[in-house]
Amino acid sequence: MLDLSVNIGSVPLRSPVIIASGTWGYDESLWREDLLRHVGAVCSKAITESPKDGNPGHRIWETPCGLLNSIGLQNTGIDDFVDEKIPKLKSYGVPIIANVSMEDERGLALIVERLVEVADCVDAIELNVSCPNVDKGCMSWGVSPVLTSQAVSMVQKIWKGPLWVKMTPQAPDPEGVARAAEDSGADALVVANTWLGMAIDVDSRKAVFDRVVAGFSGPAVFPMALRLVWQVSSAVSIPVIGCGGVSSGRDLLSMIMAGATAVELGTGMFRDIRLPENILREVKAYMTKEKVEDLRSLIGIAKR
Amino acid sequence: MLDLSVNIGSVPLRSPVIIASGTWGYDESLWREDLLRHVGAVCSKAITESPKDGNPGHRIWETPCGLLNSIGLQNTGIDDFVDEKIPKLKSYGVPIIANVSMEDERGLALIVERLVEVADCVDAIELNVSCPNVDKGCMSWGVSPVLTSQAVSMVQKIWKGPLWVKMTPQAPDPEGVARAAEDSGADALVVANTWLGMAIDVDSRKAVFDRVVAGFSGPAVFPMALRLVWQVSSAVSIPVIGCGGVSSGRDLLSMIMAGATAVELGTGMFRDIRLPENILREVKAYMTKEKVEDLRSLIGIAKR
Amino acid sequence: MSGNVDDFPCKITAREMVGEDILSIRVRCPSIAESIYPGQFVLLRDPSWGMDPLLMRPFAVSAVHGEDLELLIKLVGRGTSLLAERSVGDDLVVRGPMGRGFSSPESSPIYVAGALGAAPLLFARQVFGAGRFVLGVPGEGWGPFVDYLEARCPEMEVFSDDGSIGVRGTALDGLEKGESCPIYACGPMGMMAAMVKLEPVSCQVSLESRMACGIGACCGCVIETVQGKKRVCADGPVFNLEEVVWNA
Amino acid sequence: MSGNVDDFPCKITAREMVGEDILSIRVRCPSIAESIYPGQFVLLRDPSWGMDPLLMRPFAVSAVHGEDLELLIKLVGRGTSLLAERSVGDDLVVRGPMGRGFSSPESSPIYVAGALGAAPLLFARQVFGAGRFVLGVPGEGWGPFVDYLEARCPEMEVFSDDGSIGVRGTALDGLEKGESCPIYACGPMGMMAAMVKLEPVSCQVSLESRMACGIGACCGCVIETVQGKKRVCADGPVFNLEEVVWNA
Ligand SMILES: Cc1cc2nc3c(=O)[nH]c(=O)nc-3n(C[C@H](O)[C@H](O)[C@H](O)COP(=O)(O)OP(=O)(O)OC[C@H]3O[C@@H](n4cnc5c(N)ncnc54)[C@H](O)[C@@H]3O)c2cc1C
Ligand SMILES: Cc1cc2nc3c(=O)[nH]c(=O)nc-3n(C[C@H](O)[C@H](O)[C@H](O)COP(=O)(O)OP(=O)(O)OC[C@H]3O[C@@H](n4cnc5c(N)ncnc54)[C@H](O)[C@@H]3O)c2cc1C
Ligand SMILES: Cc1cc2nc3c(=O)[nH]c(=O)nc-3n(C[C@H](O)[C@H](O)[C@H](O)COP(=O)(O)O)c2cc1C
Ligand SMILES: Cc1cc2nc3c(=O)[nH]c(=O)nc-3n(C[C@H](O)[C@H](O)[C@H](O)COP(=O)(O)O)c2cc1C
Ligand code: FES
Ligand code: FES
């Protein structure tokens, strides 16, 4: 029997494949058992204090093997999440990770307080200090070890459950941010959110996105995300979750061997709704061939 | 008549397409008029004080739309460049940019002094403070405004010709580095060298490259390079040369509209030896259709 | 979304070029063919693309023939041009059925199509039955497309901007102000925005937008409506004319 | 490099699967066909790949037929599998002629091939004339490949690791120690390294290495030689046996 379960700190996952924030919907039709059987957990879309309309203008642009997005945290706000979404989500039996967007300290406290009410339905908070698509807050916290630490401590005061921190690859000193998060009590690090990119529409001679820059994801970024996972997992002793361009079993195995305990899939889900299942099939074939019984034995093996 | 000539400071180029360092050889068979007619200039492979063997182990790894390389500045050294290469190169009639690798100050001075001897055959020095594939020097200079400034000033003292600085995308504060280079007398900025990435070979369960990290280039990085060009060209008033993933006429136009005056092509040359010609054909078709007579009129137009 | 959306490996069972740059293609996909409803759409990719192009491409279904879906695809960029190179027997991946389609008409409908907008309306006509079918095309070069449609829909009333095919004018010239029959429209945004001025009693429009996921997950495809932002892929692509904020 | 290296758009003029995972393919490329020399190679890409796979793939030429190049390609990964899906009439981009080939023999040569290493040697035999041709293959499953080669080279002496085809053993078992005939060898690195122990008087080996540019520009494909690092693509792929540092 192959064992593909992993533990993110105290959170046991039946599968090392997590669906990344902003890339899975709340529509009931997506929460079928046959689609989610192979998924360890699903991250919610970023939650903000008030409902947010997101950004105007173009939101999506395809690049070679990559995707630029400028959604801007469109979501229905914490009250709708707790009152309307959670009661439905909990019925599906898939672990739910609440992706909480850091805007300011007051708002953060409010969101986390409401999540405490439904703590038994939220398997972890994923503190998002890394979204590049809004003018204020978020990524401006994640680039700094001091501010990251401040945000983590703030959540810690209110939330006693598992706390993951989703880092930004734009941090000048990722190891510093990672250690700051660990020291302030984070239980795991998600490495990482989107990279800063942009596009120009040569026909209109303008930047495609109203905010000019946008978040860059997809297979294109995988080699850089893998490098960050290697670096960060050497700097901390809490589990690291690899995120960025994972789209095959080899990608998952590379992330694990570089020091990740699990991975999140974002953009890859857009082109293959059964990517978790297809990845796990490839991973199982590898484990069988290589006589690896427990996926956990491969964590960080490339460093040894 | 369409005008595609540009000026990089005092250096006039017949075409805005430059071949990037490390991606064109010295073999005579490559310097044919029919191949280079559409090229504005060719950057030499990085030049170091002594000949360098480069890195052991794997040097090349393909990723989705990208390339990882760990060549490690293999070259025959400054004496061979000045005594053997330059006499041949000058006969081809293509402007030559000498890519000089920053290892330490003493070595840099030595290299530049020798280049002064052949100053009439070297159209500009491209100061490489950005190679991520060596243990000492190079990128460790380019990540810091202070060190960049120190390196530029050092060259300035000896070299009176045009001086370009090739930046690293790993700089935590690219605008700061750009301004430091400008203030110290650089005539142009090349934005940018390769990004840090890595790969794992899941069969051997090891990092592919002996140095673990490698330089990441190709179409995959284009959206990020474009964003850097936009940022940096807003911070300085010297010309910016866009570099990173350019592989089509639209890419060139995007770079120009984002504020670049010219582009360098690296990885793209590997898959299309006639890329300069093919890019210019596309650019000319655009200019004809859009009634643009002078390419220079498009520089930075997306910002206005 | 009705039906269980999924990614299906499918084979191309027929293909034909309609003029120079329109592809008519059939793919065998019993599961979608059985459940898809007019106005719903599918997403396509070619497994041999590798990771570039990265995203699936959205297309309306223009007809269902037994287990086959028929699509009409205009070659406008990289993905569509690559699709045109594929042959019968080649594999595609099809995701569907996607989105909310048209609701059934209560009286004889009028179909109003701008160019490729005819695709979902042909399927609506197949299911809801014939009614008036008004088509507008640019003109020159669109002959084969018009012939292709007329072979399937003989009652087609054709307008062209340059007057080279049918009557000079746009599809809207075929409509009366305050039309009381239910209208089903699909075409360029400009055409549908202009429809507002005709004040039809009941009009459903099918919209396009750049998509990433197509399943309602990413919020990449939103448009402005009187109730705020809505996702074209999951809340649409069919909307009521009054619902849409046209000048957003 | 001899000949003017360039990228040529070419059409596939014939293709055939040799067993399950080897493709024999012909592409029309008059300019390369005219100038290429045994041991030189070409780089291929498929214009419909988009940017992924990114790099061209290097292959030996196994024969020249008029204006056509013939290649023998083992399907080992993404690029080669995609190539196997192409049909006669499809376009490829071919870069060549690449590298330094074999120098002409002064007396009757011996060709020593390991598996797909037979490809460049078939072409050498076509140009330099027949001599002994010794082939080693793993065994089981390689029947169609051996049949394919024997049809072109009836004098082939075949060895297989498992003894299922020809004589049990490796290609080197077909050679004497201190062989005085000029040897042309191509096969796995291990086979060629082992050749050193046989102390042949004259032996040229054709090597493989991961390549990016294939034109000598990137230094990505270097191997260790007694004169330091050399580029397989431009200084090779053919080297003298003594030149190569085998345990690097
Ligand atoms: C619901 C829906 C139904 C559609 N039905 C049809 C149809 O029946 N027939 C038809 O010919 N076309 C239809 N389209 C448009 C079709 O999706 C685009 O023409 C196609 O995606 C262009 O792909 P490309 O790779 O050739 O172009 P590229 O320009 O290379 O595409 C680049 C990116 O832009 C997106 N894109 C470009 N144009 C459009 C567009 N107009 N709408 C959405 N995304 C776009 C692509 O999906 C891709 O992500 C429909 C679009 C939607 C949203
Ligand atoms: C000079 C030369 C001549 C060759 N001649 C032949 C031949 O006649 N027949 C044949 O079947 N094969 C030949 N090869 C090997 C062939 O190039 C590889 O099998 C092929 O590139 C694999 O591509 P892929 O996309 O299927 O594999 P992938 O594993 O998907 O390739 C990924 C990357 O690795 C590179 N790569 C993988 N294996 C090799 C290899 N062994 N050598 C070089 N690069 C590799 C690819 O080019 C690509 O960049 C030759 C290689 C060289 C260098
Ligand atoms: C359309 C889109 C929306 C996203 N929204 C969020 C979000 O709300 N919160 C968040 O933390 N990350 C968000 N992300 C980032 C992804 O969760 C993921 O970290 C990133 O895309 C990198 O992984 P990938 O390359 O697998 O997509 C979004 C990404 C995309 C493409
Ligand atoms: C194989 C290889 C070797 C390179 N060698 C050098 C070098 O010696 N000096 C340098 O400044 N940049 C070097 N570079 C970086 C390129 O010049 C270029 O800046 C980078 O690849 C980004 O552009 P691209 O995406 O168009 O390749 C090298 C890149 C590659 C792929
Ligand atoms: S395309 Fe993702 S929500 Fe519509
Ligand atoms: S592959 Fe670039 S030098 Fe050989």
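Remember, predicted model here, so these are calculated numbers, not experimental data. Residue numbers begin at 1 in each chain, while the letters A, B, ... track the order of the sequences.
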**Q.** A:Leu67 versus chain C, the contacting section by heavy-atom distance below 4.5 Å
**A.** both
Q.
Treating C:Asp52 as the side-chain partner and A:Pro64 as the backbone partner, does any N or O pair qualify as donor plus acceptor under 3.5 Å?
A. no
Q | Residue pair C:Ala217 / A:Gly25: nearest heavy atoms and the distance that separates them | A | CB-N, 3.5 Å
Q. Counting heavy atoms not belonging to A:Lys206, are there more than 12 under 6.0 Å from its NZ?
A. no
(Q) Using side-chain heavy atoms (C-beta onward) and a distance below 4.5 Å, is A:Ile60 in contact with C:Met211? (A) no
Q: For the pair A:Arg271 (side chain) and C:Leu54 (backbone), establish whether a donor and an acceptor sit closer than 3.5 Å, ignoring hydrogens and angles.
A: yes
Q) Is the side chain of A:Arg59 donor-acceptor paired with the backbone N or O of C:Cys219 at a distance under 3.5 Å, no angle test? A) yes
Q: Please test C:Asp6 against A:Asp34 for side-chain contact (heavy atoms from CB on, under 4.5 Å), starting from the C-alpha separation and ending with a verdict.
A: CA-CA 10 Å; C:Asp6 215 331; A:Asp34 67 312; 4.1 Å; yes
Q | A:Ser248 side, atom OG; C:Met51 side, atom CE - distance, nearest 0.5 Å | A | 6.5 Å
**Q.** Residue from C:Arg57, C:Arg210, C:Arg45 passing salt bridge (charged side-chain N to carboxylate O under 4.0 Å, His left out) with A:Glu62
**A.** C:Arg57
Q.
Within a 6.0 Å radius of atom CD on C:Glu106, are there more than 12 heavy atoms belonging to other residues, nucleotides or ligands?
A. no
Q: For C:Glu20, look at atom CD and say whether over 12 heavy atoms of other residues, nucleotides or ligands are found less than 6.0 Å away.
A: no
Q. Is C:Glu140 atom CD crowded by more than 12 heavy atoms from other residues, nucleotides or ligands, each under 6.0 Å away?
A. no
Q) Between A:Asp27 and C:Arg231, does a side-chain contact (heavy atoms from CB on, under 4.5 Å) hold up when you go through it step by step? A) CA-CA 12 Å; A:Asp27 305 73; C:Arg231 301 161 302 173; 3.0 Å; yes
Q | chain C contact via A:Asp53 - side chain, backbone, both or neither, heavy atoms under 4.5 Å | A | both
Q.
So for A:Asp272, is it side chain, backbone, both, or neither that comes closer than 4.5 Å to the heavy atoms of chain C?
A. both
**Q.** Which portion of A:Thr267 sits near chain C, non-hydrogen atoms under 4.5 angstrom
**A.** side chain
Q: Might you point out which heavy atoms bring A:Ile273 and C:Ile215 nearest each other, and give the distance in Å?
A: CD1-CG2, 4.1 Å
(Q) Let me confirm one number: the SG-NZ distance from C:Cys218 to A:Lys45, rounded to the nearest 0.5 Å. (A) 8.5 Å
**Q.** Closest non-hydrogen atom pair, C:Cys213 against A:Phe270
**A.** CB-CD2, 3.4 Å
